[in-house]
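Source: prediction; values computed, not measured. Numbers restart at 1 for each chain; the letters A, B, ... are given by sequence-line order, proteins then strands.
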There are 2 protein chains.
Amino acid sequence: MSVDALTIHEAAETTGWSPRMLRYVESMGLIQSKRSPAGYRLYGPEELQRLRTLRELLNAHDVGLAEMGFALRLRREPELAAAVDAWFEAKPKRPDDVPAADWLRFEQEKHQRLLEAALS
Amino acid sequence: MSVDALTIHEAAETTGWSPRMLRYVESMGLIQSKRSPAGYRLYGPEELQRLRTLRELLNAHDVGLAEMGFALRLRREPELAAAVDAWFEAKPKRPDDVPAADWLRFEQEKHQRLLEAALS
DNA sequence: CCAACCTTACCGCGATCGTGTCAAGGTTCC
DNA sequence: GGAACCTTGACACGATCGCGGTAAGGTTGG
């Protein structure tokens with residue numbers, strides 16, 4: 001059982017979640033672990049790290065799991081993401097006042113944010 | 001009172017929301033109307049259209065107002081958006097297996113989605 | 001083989017979401 | 001000045017969220 005993977009209780013202790021919550025997080029589709037032949041959840045270093053960073057993210061920004069679940073939907077359902085983007089972008093009265101160049105720049109700034117966050 | 005702006009009851013009838021919900025939507029920061037000197041809410045064609053498209057968006061994709069509120073937070077708090085982006089992007093075991101070129105392409109596809117949504 | 005794990009599936013429970021409704025008071029208009 | 005609006009604030013209420021617990025049963029290891 002100790003082949004570089006922790007059981008749910010062990011993973012719970014090192015990550016600060018409860019076993020109950022690890023199953024809940026999995027049910028949201030946020031972090032799923034491998035399974036032993038008998039169906040036991042096995043958490044590798046990868047998942048443990050992700051669980052810790054998720055925890056930090058949540059109480060650093062006062063975000064809930066349901067909200068992260070929605071963020072996940074936004075990445076999995078491009079139609080939804082496009083619809084939401086379009087609705088928020090639909091604020092300027094004349095869309096031609098703010099043509100492609102501007103939101104392109106906005107998106108590039110988003111890339112910049114991503115880069116900065118990734119390099120920390 | 002009929003200077004191209006509807007009262008909350010009139011706006012409610014033409015948009016399919018209830019007056020109560022219009023105030024609720026406003027409290028989420030999603031759509032705020034102008035106010036008359038006495039503080040009455042006045043909805044112009046702009047807001048009416050936004051209310052209708054919001055309604056369509058919600059029941060087309062089974063999204064709640066709270067989730068749209070979160071989407072709004074993502075646009076208003078770049079730190080939060082960056083943290084969420086970074087967490088989801090942190091899936092590949094070796095980040096160098098999927099270097100800049102790849103998520104750049106992903107982001108460009110996102111732009112494409114946005115464009116398509118905007119042109120409909 | 002038995003204690004100590006694990007699994008899924010429930011019940012509960014305070015908090016929030018999405019609504020309606022009602023109260024107490026100000027505004028508009030004829 | 002009174003009917004018909006509007007305002008904010010509260011109470012209510014079913015549904016979901018975030019979490020703990022328990023039950024019923026399978027797995028593991030000394």
Side-chain angles (χ1 to χ4, degrees), chain A residues 1-44 47-48 51-52 54-74 84, chain B residues 1-44 47-48 51-52 54-74 84:
Chain A
M1 185 185 283
S2 53
V3 279
D4 201 30
L6 304 188
T7 67
I8 198 171
H9 261 91
E10 297 165 336
E13 290 195 357
T14 63
T15 59
W17 296 91
S18 67
R20 174 72 169 81
M21 277 301 108
L22 291 186
R23 298 194 186 97
Y24 188 55
V25 167
E26 180 180 301
S27 79
M28 307 255 117
L30 292 174
I31 292 181
Q32 76 279 31
S33 68
K34 279 160 291 192
R35 296 296 188 110
S36 81
Y40 287 18
R41 270 165 264 254
L42 293 177
Y43 293 86
E47 287 79 27
L48 296 176
L51 283 168
R52 291 193 201 96
L54 177 59
R55 180 165 255 296
E56 288 167 21
L57 172 55
L58 294 199
N59 47 22
H61 294 90
D62 193 36
V63 170
L65 286 171
E67 286 157 299
M68 284 302 279
F70 180 64
L72 179 60
R73 279 193 68 191
L74 287 178
V84 172
Chain B
M1 185 186 281
S2 53
V3 278
D4 202 30
L6 304 188
T7 67
I8 196 170
H9 261 90
E10 296 165 335
E13 290 196 358
T14 63
T15 60
W17 297 93
S18 67
R20 174 69 169 83
M21 277 300 106
L22 291 186
R23 300 195 184 96
Y24 188 55
V25 167
E26 179 179 301
S27 79
M28 307 254 116
L30 292 174
I31 292 180
Q32 76 279 31
S33 69
K34 280 160 290 192
R35 297 296 189 110
S36 81
Y40 287 18
R41 269 166 264 255
L42 294 176
Y43 293 85
E47 288 79 27
L48 297 176
L51 283 168
R52 291 192 201 97
L54 177 58
R55 180 166 253 300
E56 288 167 22
L57 172 56
L58 295 200
N59 48 23
H61 295 90
D62 192 37
V63 170
L65 287 170
E67 285 157 300
M68 284 302 280
F70 180 64
L72 179 60
R73 278 193 68 191
L74 287 178
V84 172

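Residue Thr7(B) places at least one side-chain N or O under 4.0 Å from the OP1 or OP2 atom of dC6(D). Phosphate contact (OP1/OP2 of dG20(C), side-chain N/O of Arg23(B), threshold under 4.0 Å): absent.
One can find a donor-acceptor pair under 3.5 Å joining the base of dG26(C) and the side-chain atoms of Tyr40(B). For Arg20(B) against dT21(C), a side-chain N or O and a base N or O form a donor-acceptor pair under 3.5 Å.
A heavy-atom distance below 4.5 Å is not found between the side chains of His61(A) and Val84(B). Using a 4.5 Å heavy-atom threshold, the side chains of Leu54(A) and Trp17(A) count as touching. Two residues are said to be in side-chain contact when any heavy atoms from C-beta on lie closer than 4.5 Å; Arg23(B) and Ile8(B) meet this criterion. In this structure, the side chains of Arg35(A) and Arg41(A) come closer than 4.5 Å at one or more pairs of heavy atoms.
Nearer to the 5' terminus of DNA chain D, by closest-nucleotide assignment, is the contact made by Pro19(A) (compared with the other of Pro19(A) and Pro37(A)). Ranked by how close their nearest DNA chain C nucleotide is to the 5' end, His9(A) and Ala38(B) are led by His9(A). With DNA chain D read from its 5' end, the first of the two nearest nucleotides for Ser36(A) and Tyr24(A) is the one closest to Tyr24(A).
Nucleotide dC6(D) holds its C1' atom 15 Å from the CD atom of Glu13(B), rounded to whole Å. Regarding Arg35(B), its CZ atom lies at a distance of 14 Å from the P atom of dT27(C), rounded to whole Å. Atom P of nucleotide dC5(D) and atom OH of Tyr43(B) are separated by 17 Å, given to the nearest angstrom. Remark: C1' of dT7(C) and CZ of Arg41(A) are 7 Å apart, rounded to the nearest angstrom. Rounded to whole angstrom, the span from the CD atom of Glu26(A) across to the P atom of dC19(D) amounts to 16 Å. When the P atom of dT16(C) is taken as reference, atom CZ of Phe70(B) falls 17 Å away, rounded to whole Å. One atom, CG of Asp62(B), and another, C1' of dA15(D), lie 13 Å apart when rounded to the nearest Å. Atom CG of Leu58(B) is separated from atom P of dT19(C) by 9 Å (rounded to the nearest Å).
In this structure, Glu47(A) CD and Ile31(A) CD1 are separated by 7.5 Å, a value rounded to the nearest 0.5 Å.
Taking only side-chain atoms of Ala66(A), from C-beta outward, the nucleotide of dG18(C), dC6(C), dC17(D) with the closest atom is dC17(D).
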